[in-house]
Amino acid sequence: MYRAPRGTTDILPAEQAYWAHVQQRAAEVCRLYGYERIDTPAFEDYGLFARTDAEGTDLVEKEMYVFEDRGGQKLALRAENTAPVCRAYVEHGLFNLSQPVRLYYIGPTFRYERPQAGRFRQHHQFGCEALGDASPILDVEVIELAIRFLESLGLTGLSVLLNSIGCRQCQPAYVEVLRQHYQGFSADVCSDCRVRMVRNPLRLLDCKESACKRIVATAPHIADYLCPECKDHFREVQEQLQVLGIPFALNHTLVRGLDYYTRTVFEILPQRQGSQSAIVGGGRYDGLIEQIGGKPTPAVGFAMGLERVILNIKEQGLDVPIPPGPRVYIAHVGTPARQTAISLARRLRDAGVGVLASTGTKSFKAQLRQANSLGVRHTIILGDNEVEAGTAVVRDMARNEQSTLLQDALLEHLARAVEYSPDSASP
RNA sequence: GUGAGCGUAGCCUAGUGGUUAAGGCGCCAGGUUGUGGCCCUGGAGAUCGUGGGUUCAACUCCCACCGUUCACCCCA
């Protein structure tokens, strides 16, 4: 017996309402901000990720699906979408468009991790990227967009965490100060942090070990070491957020895992917080496009995990619209009626009416039962009598009424009755 | 990769060493002559995650593997 591979799931019809809703909302919010959709391949040249997501990070070394194709090329399933979008930006000369270029994507993303709540080996990300403009207005724009999206789903109790990690100029100076701070505690530091001190000092601030947390508590804040340009940028981001009335909390230990980030970094946390709680992560990455062979190009964006978004929709008990199913069921008995049923179904569908016709393998009673469980509004009944007379019985399932009409009149009768059917509830 | 909990029909659950593994939901079929929802009756559906082991006897105890859940790591 085959099963879906570990960390993957089938999205069955019963779940589709959530996905359709979330994707429609995302597209709608992006339209409001002028972000256009881009779809990049599910896999890329391995080097694209290895170079940009920082060699030495777990993401690249342990969590990526890496494989060789038959031609011997080393490829990787995309573990995130920012680098691919930047690759497309450079490859297709999108820098020739009016800047900034605003893009969004929705699609599967792959990470070889141990599955957990809100974490899957194949999950789906929705993200936005604004490329080609360094203005702090854009940093705020993407944060606002993300918040608006989540709020449009009805989610409440969201919080924004914000920090700046500086740029190529000022970050190294801070890192030096941070190293010096840690030198006094080298005996107390955990083994992971010993490695971090050398390879990725900023991530020292992220350590959850209690001993390390104490050291972090007294560590210098990067915000105090930013260069004048980064300081201005950070200040403007905060000011703009305030102007828009978006609450946020500064968090000097927020540094993010991917190495390409510069200046602004942020996360959005939901009401209920578990270990995998962050639903949105993002920031500015002014050096990335240059790293993959483009001209120096500032950019900012975010990504969010849709599984986590849906998890929160369910936890908060929010309604999602249920796409309408067929509104008419055709029950029939006898061979002549079967033919009539099939052509009638065709004519109704031509008129835009959703129809489910019985296959005729069930008893008449069972057909009615099926019509009922499907929740159709009307059932058309065809037997020998109706076929002979060119009529059909139309039964209104909810009102428990039925009448006999000519088949031609029936079409119009139903088309009118079925036209509007607002429908919204939890599936 | 590390640690812990859990795996009984499609779903939820009972059964904790001993005759044909029980119930609910769902599914299928009936409850007379062409009419659903409620109700009643019946039926199908489980090698009790897989493979070893202990025992006269294992769904029940032990081990391994697989899956799953939660946490660590990492990250959306």
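A note on names: the letters A, B, ... follow the listed sequences, proteins ahead of strands, and every chain is numbered from 1. Side chains are part of it too, since the values below use all heavy atoms of this structure and drop only hydrogens, waters and symmetry mates. Note that the structure is predicted; figures quoted are calculated from it, not measured.
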J.: Between B:U20 and B:C6, how far apart are the two P atoms, rounded to whole Å?
T.: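 B:U20 and B:C6 have their P atoms separated by 29 Å.
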
J.: If we call it a pair only when both distances are under 3.5 Å in a Watson-Crick or G-U wobble match, what pairs with B:C6?
T.: B:G67

J.: Regarding B:G34, can its base be found pairing with the side chain of A:Asp384 as donor and acceptor, where the two atoms are less than 3.5 Å apart?
T.: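 Checked by distance alone, the answer is no.
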
J.: Need the pair for B:G37. Rule: Watson-Crick or G-U wobble, both distances under 3.5 Å, any strand; none if unpaired.
T.: none

J.: Take A:Ala303 and A:Pro115, find for each the nucleotide of RNA chain B with the closest heavy atom, and name the residue whose nucleotide sits nearer the 5' end.
T.: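 Its nucleotide being nearer the 5' end, the pick is A:Pro115.
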
J.: Between B:U16 and B:A22, how far apart are the C1' atoms? Round to whole Å, please.
T.: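 These two C1' atoms come out 15 Å apart once rounded.
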
J.: Just compare B:A76, B:C70, B:C74 and give me whichever is closest to any side-chain atom of A:Gln116.
T.: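 Among the listed nucleotides, the one closest to the side chain of A:Gln116 is B:C70.
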
J.: Using a cut-off of strictly less than 4.0 Å, decide whether A:Ser363 has a side-chain nitrogen or oxygen near OP1 or OP2 of B:G30.
T.: yes

J.: Taking only N/O atoms, report every protein-nucleotides 35-42 of chain B pair under 3.5 Å with atom names and distance.
T.:
residue, atom, partner, partner atom, Å
B:U35, O2, A:Arg395, NE, 3.3
B:U35, O2, A:Arg395, NH1, 3.4
B:U35, O2, A:Gln402, OE1, 3.2
B:U35, N3, A:Gln402, OE1, 2.9
B:U35, N3, A:Gln402, NE2, 3.0
B:U35, O4, A:Gln402, NE2, 2.7
B:G36, N7, A:Arg395, NH2, 3.0
B:G36, O6, A:Arg395, NH2, 2.8
B:G36, O6, A:Met397, O, 3.4
B:G36, O6, A:Asn400, OD1, 2.5
B:G36, N1, A:Met397, O, 2.5
B:G36, N2, A:Asn372, OD1, 2.8
B:G36, N2, A:Met397, O, 3.2
B:G36, N3, A:Asn372, OD1, 3.1
B:G37, OP1, A:Arg369, NH1, 3.1
B:G37, O4', A:Asn372, ND2, 2.9
B:G37, O6, A:Asn400, OD1, 3.3
B:G37, O6, A:Asn400, ND2, 3.0

J.: List the residues meeting side-chain contact (heavy atoms from CB on, under 4.5 Å) with A:Ser403, not counting sequence neighbours, and say none if there are none.
T.: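 A:Ser403 satisfies side-chain contact (heavy atoms from CB on, under 4.5 Å) with A:Leu405 once adjacent residues are dropped.
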
J.: Relative to the 5' end of RNA chain B, which residue comes earlier, A:Gly7 or A:Gly281, by the nucleotide with the nearest heavy atom?
T.: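 Of the two residues, A:Gly7 wins.
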
J.: Could you tell me the separation between the CZ atom of A:Arg338 and the P atom of B:G34, rounded to a whole number of Å?
T.: 19 Å

J.: A:Leu161 has an atom CG; how far is it from atom P of B:A76, in whole Å?
T.: 14 Å

J.: Look through every strand shown and name the nucleotide pairing with B:A58 as Watson-Crick or G-U wobble, where both distances are under 3.5 Å.
T.: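 For B:A58, the partner nucleotide comes out as none, under the 3.5 Å rule.
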
J.: With a 3.5 Å limit on both atom pairs, tell me what B:A21 is paired to, counting Watson-Crick and G-U wobble, or say none.
T.: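 Pairing partner: none.
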
J.: Is A:Arg377 salt-bridged to A:Asp396, cutoff N-O under 4.0 Å?
T.: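 Here A:Arg377 pairs with A:Asp396 in a salt bridge, since their nearest N and O are under 4.0 Å apart.
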
J.: Identify all side-chain donor-acceptor contacts of residues 332-340 of chain A below 3.5 Å with residues at least two apart in sequence or on another chain.
T.:
residue, atom, partner, partner atom, Å
A:His332, NE2, A:Ser358, O, 3.0
A:Thr340, OG1, A:Pro336, O, 3.2

J.: Base, sugar-phosphate or nothing for A:Tyr329? Non-hydrogen atoms, less than 4.0 Å.
T.: nothing

J.: If you go through the side-chain atoms of A:Gln367, does one of them form a donor-acceptor pair with the base of B:G34 closer than 3.5 Å?
T.: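 Answer no: no donor N or O sits under 3.5 Å from an acceptor.
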
J.: With sequence neighbours excluded, what pairs up with A:Tyr112 under the side-chain contact (heavy atoms from CB on, under 4.5 Å) test?
T.: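 In terms of side-chain contact (heavy atoms from CB on, under 4.5 Å), with neighbours along the sequence ignored, A:Tyr112 is linked to A:Tyr65, A:Arg121.
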
J.: Rounding to an integer number of Å, can you tell me how far A:Arg6 CZ sits from B:C65 C1'?
T.: 12 Å

J.: Looking at residues at least two apart in the chain, or sitting in another chain, which of them share a side-chain contact (heavy atoms from CB on, under 4.5 Å) with A:Arg347?
T.: A:Leu344, A:Asp408, A:Leu411

J.: If we only count heavy atoms from C-beta on, is the A:Arg203 to A:Val255 side-chain gap below 4.5 Å?
T.: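 Side chain of A:Arg203 against side chain of A:Val255, heavy atoms only: contact under 4.5 Å found.
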
J.: Indicate the ring-plane relationship of A:Tyr174 and A:Tyr225, choosing parallel, tilted or perpendicular according to the 30° and 60° boundaries.
T.: tilted

J.: Check the distance between B:A76's C1' and A:Glu267's CD and give it to me in whole angstrom.
T.: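 For the pair A:Glu267 CD and B:A76 C1', the rounded distance is 9 Å.
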
J.: Identify whether any heavy atom of A:Gly375 sits under 4.0 Å from a base atom; if not, whether one sits that close to sugar-phosphate; answer base, sugar-phosphate or nothing.
T.: nothing

J.: Take the protein atom CG of A:Leu155 and the nucleotide atom C1' of B:A76, then report the distance between them rounded to whole Å.
T.: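 In whole Å, B:A76 C1' and A:Leu155 CG are 15 Å from each other.
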
J.: Using atom P in both nucleotides, what's the gap between B:U8 and B:G1 to the nearest angstrom?
T.: 25 Å

J.: Sort out the partner of B:G45 for me: Watson-Crick or G-U wobble, both distances under 3.5 Å, none otherwise.
T.: none

J.: Might you confirm whether atom CZ of A:Phe43 has over 12 heavy atoms from other residues, nucleotides or ligands at distances under 6.0 Å?
T.: no

J.: Identify the pairs formed between an N or O of the protein and an N or O of nucleotides 1-7 of chain B at a distance under 3.5 Å, and give each distance.
T.:
residue, atom, partner, partner atom, Å
B:U2, O4, A:Arg114, NH1, 2.7

J.: B:G10 P sits how many Å from A:Asp10 CG, rounded?
T.: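 Interatomic distance, CG of A:Asp10 to P of B:G10: 15 Å.
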
J.: Test: side-chain hydrogen bond (donor to acceptor under 3.5 Å, both in side chains). Region: residues 150-162 of chain A. Which pairs qualify, not counting sequence neighbours?
T.: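 Qualifying pairs: A:Thr156-A:Gln316.
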
J.: Applying side chain to side chain donor-acceptor pair (under 3.5 Å), name anything that partners A:Asn163, two or more places apart in sequence or on another chain.
T.: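 So A:Asn163 forms no side chain to side chain donor-acceptor pair (under 3.5 Å) with any residue.
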
J.: Report which part of the nucleic acid A:Val280 touches: base, sugar-phosphate, or nothing (heavy-atom distance under 4.0 Å, all strands).
T.: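 Sugar-phosphate contact only - A:Val280 comes under 4.0 Å of backbone atoms but never of a base.
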
J.: Go ahead and name the base partner of B:G26; Watson-Crick or wobble counts if both distances stay under 3.5 Å, otherwise write none.
T.: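 Result: none.
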
J.: With a 4.0 Å cut-off on heavy atoms, is A:Ala366 in touch with a base, just the backbone sugar-phosphate, or nothing at all?
T.: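 Contact class for A:Ala366: sugar-phosphate only.
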
J.: Could you list the residues that satisfy ring pair (Phe, Tyr, Trp, His ring centres under 6.0 Å) with A:His21, not counting sequence neighbours?
T.: none

J.: Figure out the CZ/P separation between A:Phe266 and B:A76, and round it to whole Å.
T.: 11 Å

J.: When the distance from CG of A:Leu311 to P of B:U69 is rounded to whole Å, what number comes out?
T.: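 These atoms are roughly 11 Å apart.
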
J.: Can you tell me the pairing partner of B:U16 across any strand shown, Watson-Crick or G-U wobble, with both distances under 3.5 angstrom?
T.: none

